[in-house]
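See structure below.
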There are 4 protein chains.
Amino acid sequence: MNRRSGHESRKRIVDAAVKLFSQSGFNGTTMRMIAKEAGISVGGLYLYFKNKEELSLYLIKEKLNEFYSKVLLPLKEIPSPSQALKEYFTKALEFAKENRELIIIHAKQQGFTFGIEIKKEFFKKEREILKEIITRGIESREFKECEPEEVAKLLMNIIGGYVLSVVVEPENLFKPEVCIDILLKGLLKRSNL
Amino acid sequence: MNRRSGHESRKRIVDAAVKLFSQSGFNGTTMRMIAKEAGISVGGLYLYFKNKEELSLYLIKEKLNEFYSKVLLPLKEIPSPSQALKEYFTKALEFAKENRELIIIHAKQQGFTFGIEIKKEFFKKEREILKEIITRGIESREFKECEPEEVAKLLMNIIGGYVLSVVVEPENLFKPEVCIDILLKGLLKRSNL
Amino acid sequence: MNRRSGHESRKRIVDAAVKLFSQSGFNGTTMRMIAKEAGISVGGLYLYFKNKEELSLYLIKEKLNEFYSKVLLPLKEIPSPSQALKEYFTKALEFAKENRELIIIHAKQQGFTFGIEIKKEFFKKEREILKEIITRGIESREFKECEPEEVAKLLMNIIGGYVLSVVVEPENLFKPEVCIDILLKGLLKRSNL
Amino acid sequence: MNRRSGHESRKRIVDAAVKLFSQSGFNGTTMRMIAKEAGISVGGLYLYFKNKEELSLYLIKEKLNEFYSKVLLPLKEIPSPSQALKEYFTKALEFAKENRELIIIHAKQQGFTFGIEIKKEFFKKEREILKEIITRGIESREFKECEPEEVAKLLMNIIGGYVLSVVVEPENLFKPEVCIDILLKGLLKRSNL
DNA sequence: TATGAATGAGGCTTCATTCAT
DNA sequence: TATGAATGAAGCCTCATTCAT
């Protein structure tokens, strides 16, 4: 019998699951496969995760939280709205690129639809943060008059598009600078050009 | 025994499959469910489609072709580049909204990744068409200097983001006009503003 | 609609069935395959044969009858017992070699066990004929004293072995002359050597 | 849940399979039937055998090996060629009679044709052993001049015929002594008679 | 005599989960 | 905390046979 700390075992399972889910999708990955990859018995899996679904959900939640604390939260500290948006794009796209495996898991898990409640909540917070930045930009006359809510949505959709391309067609990934440039030059007031 | 024309039966199957796949995903839909919904026997399904995968692939191909002939091809007839882009966005986003069910099928079928060969080919053609429009715009000095390839990618990613939102969070869908406005005001040369 | 004489259609079906059954066995051959090979509709098959089993049975009966009339019956006309046995072996083995396809059908159809009633009846007749030849040989002092029944069985078993080899391992087929030679030299009285 | 040793379970499956396959043939036996007879769950079957075919193949291989070590190998230890042949027939026919069930499995499994590669290899070894015995017999002048290869084939075909009768018509089984007698009296040189 | 779409029972196989050890 | 044999429901697919035309 293999003796390991609980923490160690848990990590092994998570790593194995990330690898396999992203390779073969949720349905294409069996619990036996995960157990084998993690070097743990099938039964052992169930000591750490109630079932397969819960394991998958855990992976998703974990990544969402990381994104929130690494990308979104720091945005609040940036005084310049345009600077904040640049930062948002740079960081978010980079994050997507670096976490390809996990994004694929999101994708293959019911087409990004798994854990939808959690995700919606998350998106709402993201939207709020962006809205606030844009509103600040309008107030400071950096940005032209526009509907902050709509623009926030657009920005998030662009990130979404990027995420989708990461999964489906990496060759179609655009350069962040190009995106930011086009977006900003349109958002900035004529007098600022 | 129920006598129907082959065409009729095929259509029933396709309709049932669209409905069920979008509701419950590929794995969540059983052949028995499809047969029942289509009012056909299980064996009958296999008279028209070799297997479940082929049926799903058919739905996807069919929609891709429709998009190509309804949205992309007509773009070539529009002389004004900016007008063409407007048209592209309007039509593409509308198409996405109207075909929610089928998009969900794409999504749930291996996270947009099923039938990837066909899709990549399709995206390539789409990118070419957009690139051509942008190049024309640059040449006619309507658009500012930029990398047509990169911009084409960005545009497609935005559509992609919209498509993703259709699946994941319809509340996050942006207004096409806002998008076009921001995009164009940035693309157009300063002197055109 | 294809108009053919009933006889013609029946023959086509039989030929197709022989070919396919010997190639793929009874279970490996579907009615659709037979229909296609025969150039007839699936439904058409059932106009000539009640079901798949009956079709297979027909093939078997037909060949058994042919063997009886071509090989066994003529034996009765041969006055010399040893000559009759030679003839039996020569003809029977030749027949087996020439009808490989059909023998394979017998084999694959429940391991020679299909249509067992008919076959047993047939074997009984064959045994009787052989027994009679041997008895005659003993009476005429050509053959040494022996149990005709047992010897008849042995002879038939040798043919059976040959038949089996036709199916399983054609390289293992023995030369008829060798067989006859060994058998006869043993059966003949010492004084005849 | 029923706890058994792996060995125990495997044996139960094999025994059940032998019984059912010989009763109902390969296609006539379902995995559910085997599971039930073995007192094991359907899924359990697949813990020990990859699939139905593999299970059947196992039974065949196993018996072939047993025959080799119990019947063929000991032949090499017998100095007298005629004694060796007697032994071969006695043992082989006895073996066939005792393993009726398994022979029927061979028969019903594609008409003795399943696992053909393995079988051919086996037959080759058998033929070699017999050929060697006969050659020895010729050299020691016990047997008359003849082609050892052909005679070996004949002998094997006789066993084959017996095997076939075991399956098809047990009433047609000959007495081993009769067979040996006829065969040997012919093989032995006149001077030995 | 001929067609072939339709039927549906039933086979093989997979796999998440359990539980005795 | 760990094991892995065992479970059994459920999925995909096949195919002999029928019957309206």
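Because the structure is predicted, anything quoted here is derived from the model rather than measured. Convention: sequence-line order gives letters A, B, ...; per-chain numbering from 1.
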Check your understanding: Quick one: D:Asn51 CG to E:dG11 P, roughly how many Å, whole number?
Key -> 17 Å
Practice item. Let me know, please, whether C:Lys52 or B:Lys52 comes out on the 5' side of the other along DNA chain F by nearest nucleotide. Key: B:Lys52
**Study point:** Salt-bridge criterion met for A:Lys11 and A:Glu8 (N-O under 4.0 Å)
**Key:** no
Exercise for review: Using the closest heavy atom to pick a nucleotide of DNA chain E for each, name whichever of A:Gly43 or D:Lys50 lands nearer the 5' end.
Suggested key: D:Lys50
**Study point:** Distance, rounded to the nearest Å, where C:His7 contributes NE2 and E:dT1 contributes P
**Key:** 14 Å
Point to revise | B:Glu54 CD - F:dC12 C1' separation (whole Å) | key: 14 Å
Revision key, fill the gap. The nucleotide from E:dT18, F:dC12, E:dT13 with an atom nearest the side chain of D:Val42 is E:dT13
Practice item. Mind listing the closest non-hydrogen atom pair of B:Met31 and B:Asn51 along with its distance? Key: CE-C, 4.3 Å
Check your understanding: Pick the nucleotide of DNA chain E nearest each of D:Thr29 and D:Leu47; which residue has the one closer to the 5' end?
Key -> D:Thr29
Point to revise | Touch class at under 4.0 angstrom, heavy-atom based, for B:Asn27 against every strand present | key: nothing
Point to revise | Out of E:dC12, F:dA16, F:dA6, whichever nucleotide has its closest atom nearest the side chain of C:Tyr46 | key: F:dA16
Review point. Nearest-Å distance, CD1 (A:Ile13) to C1' (F:dA2)?
Key: 11 Å
Practice item. Go ahead and name the base partner of F:dT21; Watson-Crick or wobble counts if both distances stay under 3.5 Å, otherwise write none. Key: E:dA2
Check your understanding: Which listed nucleotide (E:dA6, F:dG8, E:dA16) is nearest to the side chain of D:Ser41?
Key -> F:dG8
**Study point:** Whole-angstrom distance between F:dT21 and E:dT1, as gauged at atom P
**Key:** 22 Å
Practice item. Measure from CZ on D:Phe49 to P on F:dA5 and round the result to the nearest Å. Key: 14 Å
Review point. Base, sugar-phosphate, or nothing for D:Tyr48, non-hydrogen atoms under 4.0 angstrom?
Key: sugar-phosphate
Check your understanding: Contact class for B:Leu45 vs. all strands (heavy atom < 4.0 Å): base, sugar-phosphate, or nothing?
Key -> nothing
Practice item. Return the minimal non-hydrogen interatomic distance between C:Tyr48 and C:Arg10, and the atom names on each side. Key: O-NH1, 3.4 Å
Review point. Roughly, in whole Å, what's the span from NZ in D:Lys36 to P in E:dG11?
Key: 13 Å
Point to revise | C:Thr30 side-chain proximity, nearest of F:dA16, E:dA2, E:dC12 | key: F:dA16
Review point. Does a side-chain N-to-carboxylate-O contact under 4.0 Å join C:Lys119 and D:Glu169?
Key: no
Practice item. Identify which nucleotide among F:dC12, E:dT17, F:dT17 has an atom closest to any side-chain atom of B:Arg32, counting heavy atoms from C-beta outward. Key: F:dC12
Check your understanding: Under 4.0 Å between a side-chain N/O of D:Ser9 and OP1 or OP2 of F:dA6, yes or no?
Key -> yes
Study note, to complete from the structure: note: D:Ile34, atom CD1; E:dT13, atom C1'; distance rounded to Å ~ 13 Å
Point to revise | Basic-acidic side-chain contact under 4.0 Å: C:Lys19, C:Glu101 | key: no
Review point. Where do B:Tyr58 and B:Lys50 land on the side chain to side chain contact (heavy atoms under 4.5 Å, CB included) test, with the steps shown first?
Key: CA-CA 11 Å; B:Tyr58 176 82; B:Lys50 218 182 70 200; over 6 Å; no
Practice item. Nearest whole angstrom, please: distance from the C1' of E:dG10 to the CE of B:Met31. Key: 17 Å
